[in-house]
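Scope of the values below: all heavy atoms of this structure, side chains included, with no hydrogens, waters or symmetry mates. These numbers were taken from a predicted model, which means no experiment stands behind them.
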Amino acid sequence: MKIFFSMSILFIVLISGCNKENDPLTPPDEHFKPVSWLFNDINNNTLLVIKDDKILPSWDGLSRDTLFNLPFNSTQFIRIVFLDKGNNILSPPSDMGYQLRWEIEDSTKVIITWGNDKYSFNILSKNIGQTKFQLFVLHSGHKDATTPFITIWIK
């Protein structure tokens, strides 16, 4: 009976996953939780800002877009810069267990391809219309950090 009880507890601990706040298997410092995501272009201009899971209409005293407007049949390069609570640049995880990924609502409108490093990508517009996408940082198969869905208009 004691063996069964011990095995049951071990099984519950192992399947609980590391996306829980009180995960006993993964120390909290291994979770990547940026406060802000800056979407910068090739010239390091900030195009879009997400802070505390909200797309901001202004940043550093300047108005910002709350969506992406892309001309038909064009490409937009994006490099993600992460910030902490104090708006200091937060180095993205370099461990192979962390990966930037995305989900596109309508892949007939845009394609997203990798950029020149682990935290950059290209948005290629394919068809006129609108879609949304979401970015997330995967850590060992689960989402450590996610953005809200971001609208893209192709004109």
Side-chain angles (χ1 to χ4, degrees), residues 13-71 73-127 129-154:
V13 167
L14 290 175
I15 66 166
S16 64
C18 89
N19 56 352
K20 305 228 184 226
E21 291 295 324
N22 299 322
D23 174 22
L25 298 178
T26 305
D29 60 339
E30 288 189 27
H31 295 285
F32 183 65
K33 297 285 185 187
V35 173
S36 301
W37 302 57
L38 304 182
F39 289 66
N40 292 348
D41 68 11
I42 194 128
N43 297 314
N44 212 30
N45 298 312
T46 301
L47 304 174
L48 188 127
V49 178
I50 296 173
K51 183 171 185 173
D52 296 323
D53 299 323
K54 293 177 181 65
I55 301 171
L56 300 183
S58 65
W59 179 255
D60 285 343
L62 299 173
S63 294
R64 302 287 176 201
D65 282 333
T66 56
L67 52 85
F68 283 107
N69 285 303
L70 295 177
N73 205 20
S74 68
T75 302
Q76 176 66 61
F77 172 83
I78 302 291
R79 173 170 285 115
I80 300 297
V81 176
F82 300 105
L83 301 179
D84 65 13
K85 288 180 187 178
N87 290 336
N88 302 303
I89 293 177
L90 186 61
S91 296
S94 57
D95 182 315
M96 292 303 292
Y98 291 92
Q99 302 170 336
L100 181 68
R101 292 288 188 252
W102 48 80
E103 178 182 326
I104 304 169
E105 280 188 350
D106 183 353
S107 60
T108 67
K109 303 293 184 209
V110 297
I111 297 172
I112 297 179
T113 62
W114 290 108
N116 54 8
D117 64 38
K118 194 171 177 178
Y119 294 96
S120 68
F121 58 94
N122 301 291
I123 304 173
L124 298 97
S125 61
K126 292 174 31 179
N127 288 302
Q130 171 190 336
T131 189
K132 294 180 180 184
F133 75 103
Q134 179 183 51
L135 295 181
F136 43 93
V137 176
L138 280 182
H139 175 220
S140 301
H142 73 274
K143 295 177 184 178
D144 257 12
T146 61
T147 67
F149 277 91
I150 301 161
T151 302
I152 303 173
W153 280 98
I154 301 99

For [X] versus [Y], what's the shortest heavy-atom pair and its separation?
X: Asp53; Y: Thr146; answer: OD1-O, 3.7 Å
X: Thr66; Y: Pro57; answer: CG2-CA, 3.8 Å
X: Ile150; Y: Phe39; answer: CD1-CZ, 3.5 Å
X: Thr131; Y: Val110; answer: CG2-CG2, 3.8 Å
X: Gln76; Y: Asp41; answer: NE2-CB, 3.7 Å
X: Ser125; Y: Pro71; answer: OG-O, 2.7 Å

Worksheet item: Do Asn44 and Arg79 get their side chains close enough for a donor-acceptor pair, meaning under 3.5 Å?
Response: no
Practice prompt. Answer with yes or no after comparing the ring centroid distance for Phe68 and Trp153 against a 6.0 Å cut-off, counting only values under it.
Written response: no
Could you grab the distance from atom [atom1] of [X] to atom [atom2] of [Y], nearest 0.5 Å is fine?
X: Thr75; Y: Ile112; atom1: OG1; atom2: CD1; answer: 12.0 Å
X: Phe149; Y: Ile104; atom1: CZ; atom2: CD1; answer: 10.5 Å
X: Gln134; Y: Ile50; atom1: CD; atom2: CD1; answer: 9.0 Å
X: Ser36; Y: Asn88; atom1: OG; atom2: CG; answer: 10.5 Å
X: Asp144; Y: His139; atom1: CG; atom2: NE2; answer: 6.0 Å
X: Leu62; Y: Asn45; atom1: CG; atom2: CG; answer: 10.5 Å

Close side-chain approach of [X] to [Y], heavy-atom, < 4.5 Å:
X: Lys126; Y: Ile111; value: yes
X: Ile89; Y: Leu83; value: yes
X: Thr46; Y: Asn40; value: yes
X: Lys51; Y: Val35; value: yes

Worksheet item: Is the number of heavy atoms from other residues, nucleotides or ligands under 6.0 Å of Lys118 NZ greater than 12?
Response: yes
Practice prompt. Tell me, yes or no, whether the heavy-atom count around Leu124 atom CG, taken from other residues, nucleotides or ligands under 6.0 Å, exceeds 12.
Written response: yes
Worksheet item: Parallel, tilted or perpendicular for Phe121 and Trp102, by the 30°/60° rule?
Response: tilted
Worksheet item: Applying the ring pair (Phe, Tyr, Trp, His ring centres under 6.0 Å) test to Phe32, which of Tyr119, Phe82, Trp37 qualifies?
Response: Phe82
Worksheet entry | Stacked cation flag Lys143 on Phe136, 6.0 angstrom / 45 deg | yes
Item to complete: Taking Ser74 for its side chain and Leu70 for its backbone only, find out whether a donor-acceptor pair lies under 3.5 Å.
Response: no
Worksheet entry | Whether Lys54 side chain and Pro148 backbone form a donor-acceptor pair below 3.5 Å | no
